[in-house]
Amino acid sequence: MKETVLMFAIPDRSVRNDLRNLLAPMKLQIIYVEKPKYNRTLASLAGLKPMQELPLPYDGPEFDMPLLIFSGIPDQKLGVIIDGLKAYDKCDFPLKAVMTETSRNWAAAYAFMHIKAEHASLHPM
């Protein structure tokens, strides 16, 4: 399984490029997912399953905060990535998750709603 990071809702191209540069030494596959693909499963976006043609692109709202999904990355390496993200001061990434056997079959839009709700329950305002 290829070690992959799926990035969502990071509109600033310079931030996306900075993240690519930060993660490049770790030999990760970095995929920025555009809004029309938010109805696809995490597994297909990460290249773990063939991409199926869907009749219509996603037409719901844009995610209102950045989301990073990690796939196939060993725990020790994931710790290094998280430490690097904490030190990065141009953008905050409160929504991060590891793809699981269950979540791999979720559409990206569903994953975002689930992860955001979980984050809110753990970090009440």
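In what follows, every heavy atom counts, from backbone to side chain, and hydrogens, waters and symmetry copies are set aside.
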- Message: What verdict does the side chain to side chain contact (heavy atoms under 4.5 Å, CB included) test give for Leu19 and Ile30, after you've listed the backbone C-alpha separation in whole Å, the side-chain angles of each residue and the deciding distance to 0.1 Å?
- Response: CA-CA 9 Å; Leu19 284 176; Ile30 313 296; 5.9 Å; no
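- Atom NE2 of His114 sits about 13.5 Å away from atom NE2 of His119, to the nearest 0.5 Å.
- Here Tyr38 pairs with Phe8, Tyr58, Phe63 under the ring-ring contact (aromatic ring centres under 6.0 Å, His included) rule; sequence neighbours left out.
- The closest donor-acceptor contact from the side chain of Tyr32 to the backbone of Ile10 lies under 3.5 Å.
- The salt bridge (Lys or Arg N to Asp or Glu O under 4.0 Å) test applied to Asp75 returns no partner, not counting sequence neighbours.
- Looking at every heavy atom in both residues, Pro11 comes nearest to Arg16 through O-NH1, 3.6 Å.
- Judged by distance alone, the side chain of Lys37 and the main-chain N or O of Leu45 form no donor-acceptor pair under 3.5 Å.
- Taking 4.5 Å as the limit, every side-chain heavy atom of Ile69 sits out of range of all side-chain heavy atoms of Val33.
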- Let me see the working for Leu28 and Phe70 under side chain to side chain contact (heavy atoms under 4.5 Å, CB included), right down to the final yes or no. CA-CA 10 Å; Leu28 302 169; Phe70 305 102; over 6 Å; no
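- For residues 41-50, no residue pair satisfies the salt bridge (charged side-chain N to carboxylate O under 4.0 Å, His left out) rule, not counting sequence neighbours.
- In this structure, the side chains of Leu85 and Leu68 come closer than 4.5 Å at one or more pairs of heavy atoms.
- Put simply, the side chain of Lys35 does not reach to within 4.5 Å of the side chain of Pro57, judged on heavy atoms.
- The CD1 atom of Ile31 sits 9.0 Å away from the NZ atom of Lys2 when rounded to the nearest 0.5 Å.
- Between Leu6 and Leu42, the shortest heavy-atom contact is CD1-O, 3.9 Å.
- Checked against side chain to side chain donor-acceptor pair (under 3.5 Å), Asp83 has no partners two or more places apart in sequence or in another chain.
- One distance of note links NZ of Lys96 with CG of Leu78; it measures 10.0 Å at 0.5 Å rounding.
- Residues Leu56 and Asn39 form no side-chain contact, since every pair of their non-hydrogen atoms from C-beta on lies 4.5 Å or further apart.
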- Residues Thr4, Met99; criterion side chain to side chain contact (heavy atoms under 4.5 Å, CB included); working and verdict: CA-CA 10 Å; Thr4 304; Met99 188 184 311; over 6 Å; no
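- Between atom CG of residue Asp18 and atom CG of residue Leu23 there is a gap of 10.5 Å, rounded to the nearest 0.5 Å.
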- Task: For side chain to side chain contact (heavy atoms under 4.5 Å, CB included), just list the numbers for Ser71 and Leu48, CA-CA rounded to whole Å, side-chain angles, deciding distance to a tenth of an Å, and then say yes or no.
- Result: CA-CA 9 Å; Ser71 173; Leu48 302 175; 3.7 Å; yes
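- Looking at Thr102, its side chain never comes within 3.5 Å of a backbone N or O of Thr100 through a donor-acceptor pair.
- Residues Pro36 and Glu34 have side chains in contact (heavy-atom distance under 4.5 Å, counting atoms from C-beta outward).
- Evaluation of the side chain to side chain donor-acceptor pair (under 3.5 Å) rule for Tyr110 yields no partner, not counting sequence neighbours.
- Not a single donor-acceptor pair under 3.5 Å links the side chain of Ser103 to the backbone N or O of Trp106.
- A heavy-atom distance below 4.5 Å is found between the side chains of Met65 and Pro94.
- Around atom CD of Glu62, more than 12 heavy atoms belonging to other residues, nucleotides or ligands sit under 6.0 Å away.
- Every residue meeting the side chain to side chain donor-acceptor pair (under 3.5 Å) condition with Ser14, not counting sequence neighbours, appears here in chain and number order: Asp12.
- Across all non-hydrogen atoms, the minimal contact from Val80 to Met26 is CG1-CE, 3.7 Å.
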